[in-house]
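Owing to the predicted nature of the structure, the values given are computational and were not obtained by experimental measurement. Convention: sequence-line order gives letters A, B, ...; per-chain numbering from 1.
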2 protein chains.
Amino acid sequence: MGASSKTENDKTPKRVRMAPDERRGHILDAAQKLFFARGWDDVTIAEVLSAAKISKGGFYHHFSAKEDLLDGVVERFTIQALTAAQTARDATSGNALQRFNAFLAESSRWKAEQGRKMKFFIEVMLRPGNDILFDRITTAANAAAMPVLLEMIGQGVDEGIFDIPDIDLVGETIMGLSRGRRTVLKEAFDAAEQGDLDRATECLDRRMVAEAALIDRVLGLPRGSVLLSNPTEYRLMLRAIVND
Amino acid sequence: MGASSKTENDKTPKRVRMAPDERRGHILDAAQKLFFARGWDDVTIAEVLSAAKISKGGFYHHFSAKEDLLDGVVERFTIQALTAAQTARDATSGNALQRFNAFLAESSRWKAEQGRKMKFFIEVMLRPGNDILFDRITTAANAAAMPVLLEMIGQGVDEGIFDIPDIDLVGETIMGLSRGRRTVLKEAFDAAEQGDLDRATECLDRRMVAEAALIDRVLGLPRGSVLLSNPTEYRLMLRAIVND
DNA sequence: TCTACATACCGACCATCGGTCTGTAGGGTT
DNA sequence: AACCCTACAGACCGATGGTCGGTATGTAGA
């Protein structure tokens with residue numbers, strides 16, 4: 001083959017053709033990384049293009065708009081969150097309270113894992129401008145987990161263990177609390193960055209204890225029924241984050 | 001002044017010069033109207049310009065960016081919310097629960113008034129894309145009202161009336177609930193638009209009753225202590241909205 | 001009242017960004 | 001080999017937020 005100029009010297013073939021799903025995945029990977037690092041509005045299509053090594057035409061062959069990219073990223077998270085929630089539900093048995101506690105534990109474990117995997121995730125979601133991104137992800141993830149949660153609460157009501165004024169409000173309250181953790185996370189993160197891991201851990205832990213006490217009330221349970229705190233888990237997460 | 005050509009024929013003086021505050025106010029008026037009607041991202045600077053009857057250069061003399069406009073609008077609301085909250089606090093006396101109820105009543109009255117004044121307000125804030133605007137306003141308004149709320153709750157704790165796990169969480173929970181009303185508002189609004197005012201009212205009322213029951217729990221109060229429902233108020237608001 | 005200075009204001013211009021369109025490469029099928 | 005389908009390239013476009021040099025409208029001091 002007298003084509004050394006073809007087989008070897010061509011370091012960059014003009015076109016790399018991929019299966020749609022694969023290409024889509026690559027683009028989403030690049031976009032996700034950028035979005036988490038700097039927020040959705042700040043990142044331009046051009047940047048995603050060069051990060052994903054594809055042309056504009058190629059991109060718009062797979063995505064209809066920039067908004068579509070956001071949807072794609074959010075969708076990934078939703079799917080992950082959903083399967084995680086279902087796994088947690090299916091893996092546990094016993095009465096509603098036991099299942100509920102197991103579910104909360106798994107849920108916070110999953111969140112901590114996300115925080116560990118993506119260095120910027122927590123740091124970034126605390127910055128204004130990323131509200132949209134963060135809000136959409138948490139909303140979608142919560143929405144995915146909500147049916148599972150409500151099912152368990154329903155079971156608790158049927159069993160006569162829980163006593164609640166309105167089932168929708170319970171779900172909402174829990175979602176609201178989880179959203180409000182943003183502030184505490186920021187505080188803990190700042191402390192961790194200054195090397196004060198103890199204070200950071202204690203900060204998160206106190207919050208979780210308080211949340212648990214509040215959920216006790218909301219579900220009409222005696223104090224100490226709901227378990228939400230897991231200091232070692234926080235420690236791991238914070239350590240992973242701080243170590244770049 | 002023999003200058004008929006000056007005093008009368010000049011229909012449009014080339015420049016209208018105003019005091020900075022006045023001009024700023026005019027621009028904000030125009031911007032607010034447009035934002036509420038169609039959302040922040042949809043409205044272009046050019047539209048604000050023509051609505052406020054000012055040139056681009058003039059505009060950028062008073063505002064540094066489009067974002068600045070949002071800040072201005074939000075700031076107005078914050079101030080209004082703050083004074084409303086303070087008024088409500090100062091106007092009431094009695095024990096913490098009485099003051100708390102009075103405060104809630106005033107607060108919801110104020111919100112209803114806003115909904116009445118601005119036709120599009122509710123309709124618009126339910127549309128995606130206006131999340132940012134709505135979120136920023138509610139967040140700012142809530143943040144303004146929060147100290148007042150916490151002060152009252154603190155009083156209740158001191159008086160031994162309230163029994164709470166963590167004061168910050170209480171504020172957060174209440175704020176979260178108020179944010180979650182969006183969904184219910186949408187439902188009620190849709191019902192009202194179809195002429196079913198009864199269903200709309202009932203929808204809001206049920207929500208408020210449930211919320212009150214939940215807050216009872218959170219504050220460690222016997223059921224029925226917190227009063228949040230005011231059907232006639234909703235009726236007025238919904239009627240005003242539906243009648244264009 | 002003339003001059004000098006400050007500032008509110010104008011509008012043409014610019015850079016950038018999301019999105020479109022025409023054309024092309026490359027793998028599979030016949 | 002001829003063909004087609006489609007993943008892909010990149011020039012191009014319209015809109016939009018923002019800038020800049022210049023102009024009108026005051027006001028303070030001589």
Set of salt bridge (Lys or Arg N to Asp or Glu O under 4.0 Å) partners for B/D168, sequence neighbours left out: none
Polar pairs (N or O, both sides) under 3.5 Å between protein and nucleotides 28-30 of chain C?
none

Is there a side-chain contact between A/V16 and A/I54 (heavy atoms, below 4.5 Å)? no
Please list, chain by chain and in numerical order, all residues satisfying side-chain hydrogen bond (donor to acceptor under 3.5 Å, both in side chains) with B/R235, sequence neighbours excluded. B/D198, B/T201
side-chain hydrogen bond (donor to acceptor under 3.5 Å, both in side chains) partners for A/T78, two or more places apart: none
Sequence neighbours excluded, every pair satisfying salt bridge (charged side-chain N to carboxylate O under 4.0 Å, His left out) that has a member inside residues 47-63 of chain A: A/R38-A/E47
Residues within residues 56-64 of chain B bordering DNA chain D, heavy-atom distance below 4.0 Å: B/K56, B/Y60
For A/E211, which residues count as a side-chain hydrogen bond (donor to acceptor under 3.5 Å, both in side chains) partner, sequence neighbours excluded? A/R181, A/R207
Sorted by first residue and then second, give each salt bridge (charged side-chain N to carboxylate O under 4.0 Å, His left out) pair with at least one member in residues 61-74 of chain B; sequence neighbours left out. B/E67-B/R136, B/D71-B/R136
Could you state the CG-P distance from B/L69 to D/dT16, rounded to the nearest angstrom? 16 Å
Could you list the residues that satisfy ring pair (Phe, Tyr, Trp, His ring centres under 6.0 Å) with A/F63, not counting sequence neighbours? A/F59
All N/O contacts under 3.5 Å from nucleotides 21-23 of chain D to the protein, with atom names and distances to one decimal?
residue : atom : partner : partner atom : Å
D/dG22  : N2   : B/R15   : NH2          : 3.4
D/dT23  : O2   : B/R15   : NH1          : 2.6
D/dT23  : O2   : B/R15   : NH2          : 3.1

Hits for side-chain hydrogen bond (donor to acceptor under 3.5 Å, both in side chains) against A/D29, two or more places apart or cross-chain, chain-then-number order -> A/R76
Hey, can you pull the residues of residues 18-26 of chain B with a non-hydrogen atom under 4.0 angstrom from DNA chain C? B/M18, B/P20, B/R23
